[in-house]
There are 2 protein chains.
Amino acid sequence: MFTARKSDQTRELLLRAAFDEIHRNGFQAASLSKILADTGLTKGALYHHFPNKTALGYAVVDELVTNEITQRWLAPLENQDDPITALRTLLQEAGKSLRPADIMLGCPLNNLAQEMSPVDEGFRERINHIYNVWRGGIAQALMRGQANGTVRTDVHPGETAAFLVAAMEGCMGMAKNAHDPDLLFNCGKSLIGYLESLRVAPKPRVR
Amino acid sequence: MFTARKSDQTRELLLRAAFDEIHRNGFQAASLSKILADTGLTKGALYHHFPNKTALGYAVVDELVTNEITQRWLAPLENQDDPITALRTLLQEAGKSLRPADIMLGCPLNNLAQEMSPVDEGFRERINHIYNVWRGGIAQALMRGQANGTVRTDVHPGETAAFLVAAMEGCMGMAKNAHDPDLLFNCGKSLIGYLESLRVAPKPRVR
DNA sequence: TATGATACATACCGGTTGGTATGTTCACAG
DNA sequence: CTGTGAACATACCAACCGGTATGTATCATA
């Protein structure tokens, strides 16, 4: 019962190899032959599990990418009293955990968004859905922060969440291109500075 | 003397068609055949002016993309006393001038950066050079603003410039994917809010 | 006006791509 | 034990890719 069916395993194998190949070269330049070589499988296996290359790409977005975003950026935000501190922690943890090789490959979601959204509507819809969920999660966290007095009440949760996600992806994109860890660090510092500016100023002590 | 040599004209024609095709599909997916069909030229012309596809892409970056960034984002910043107002104006003008079709294609520089920087070092170096110039121009403007008292002295010009460029590209990328003009508008609002937070607070009137 | 280089056009090539049609193995139900 | 469909493997295909070799017209120059 706990052992996945072998068929599901090879499907997962294909998905992960596709994710890597797409992460490295983008979807359009991703080579099915390369994916098959990496997995040791053949065209027969691939086209048994997926009707075509596009469907494979969709599955990568719907399953792997969606999962990574929600687990890494949304789940830790739920049931948090102080969303600004929580977001700050997430940013700092991400900064520490990212290996240089990961930085140079960039955010898989952003990569796909920039490449595919003008080219394929199916990709665009799926990617946009993830971004909507992402923005929504941050907006809700900000609203909770406003309710319990940790976030300034004059910030617009939706707009701010959109900007935060945009700025994060922008910083990742810069670092990806710059090959300079300091740049990501500096961008992150400014981003955290902006984040902290959303916080309600602590009450001054009466002395 | 004022009429460009015909050879230069066809080279320019190729460059502009290549820019469009790359802007639409990315460099790797850009089809030379499509470029030639658009221009009415043939392989002979293309490979007379450029040794290969990569060199054509490099020329697009070195000439067209560099020019667009400097003219649109850097030249208007020079000799400006109030960099924050100047940047704000640039952002608002860009927001108004961008047609929906342009938004959906994204920033040509960012597109190339995300696609090519992990794949081709030549592209990465060229793109990074443009970004360095861009960041440098904004940083210098911020420093001038600090010197004449329009920008807070506690902001780090370099870090802030890096974050501003990153956030701009991030906002463009979001809007490109969202197909929602409001999103770009909202992101822009937050970005301008951040920009204004860098300004020296006006001296309170003595009443 | 003769000459040679420049500026293209035409035809062709090997390699890779995504996709398909057919074969084969294997697990499992009857 | 047998049959039957799922789960692959193998072989093959047309289309397109970037690139090249060669031919030709045009233009500058002497």
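Numbers restart at 1 for each chain; the letters A, B, ... are given by sequence-line order, proteins then strands.
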| message | Taking the ring of B:Phe163 and the ring of B:Tyr194, is the distance between their centroids below 6.0 Å? | response | yes
Backbone N or O of A:Met174 within a donor-acceptor pair of the A:Asn177 side chain at under 3.5 Å?
no
Does atom CZ of B:Arg199 have more than 12 heavy-atom neighbours from other groups under 6.0 Å away? yes
**Request:** Could you tell me whether the side chain of B:Gln146 and the main chain of B:Arg152 form a donor-acceptor pair under 3.5 Å?
**Result:** yes
Expected list for residues 15-43 of chain A near DNA chain D, using heavy atoms below 4.0 Å, is A:Leu41, A:Thr42, A:Lys43
- Does a salt bridge link A:Asp38 with A:Lys34, judged by any charged N lying under 4.0 Å from a carboxylate O? yes
Subject >> Electrostatic pair A:Arg124-A:Asp120, nearest N-O below 4.0 angstrom >> reply: no
Salt bridge (Lys or Arg N to Asp or Glu O under 4.0 Å) pairs touching residues 59-73 of chain B, sequence neighbours excluded, are B:Arg11-B:Glu63, B:Asp62-B:Arg126
Chain B vs DNA chain C, heavy-atom contacts under 4.0 Å, first-to-last nucleotide span, 5' to 3', is C:dA7 to C:dT10
Parsed dot-bracket for DNA chain C after applying the Watson-Crick and G-U rules with both distances under 3.5 Å and | for other-strand partners is ||||||||||||||||||||||||||||||
Shortest non-hydrogen pair, A:Leu142 vs A:Ala161, comes out as CD1-N, 4.2 Å
ring-ring contact (aromatic ring centres under 6.0 Å, His included) pairs touching residues 58-114 of chain A, sequence neighbours excluded, are A:Tyr58-A:Phe123, A:Trp73-A:Trp134
For nucleotides 24-30 of chain D, tabulate all protein N/O to nucleotide N/O atom pairs closer than 3.5 Å, reporting atom names and distance.
none

Counting just side-chain N and O atoms, does A:Ser7 come under 4.0 Å of either OP1 or OP2 of D:dA6?
no
With side-chain hydrogen bond (donor to acceptor under 3.5 Å, both in side chains) as the test, would you mind laying out the steps for B:Glu115 and B:Gln28 before giving the verdict? CA-CA 8 Å; B:Glu115 178 193 4; B:Gln28 300 182 92; 3.3 Å; yes
Look only at the side chain of A:Lys176 and the backbone of A:Cys107, and say whether a donor-acceptor pair between them is shorter than 3.5 Å. no
Is the phosphate of D:dA7, meaning OP1 or OP2, less than 4.0 Å from a side-chain N or O of A:His48? yes
note: A:Phe50, atom CZ; D:dC8, atom C1'; distance rounded to Å ~ 14 Å
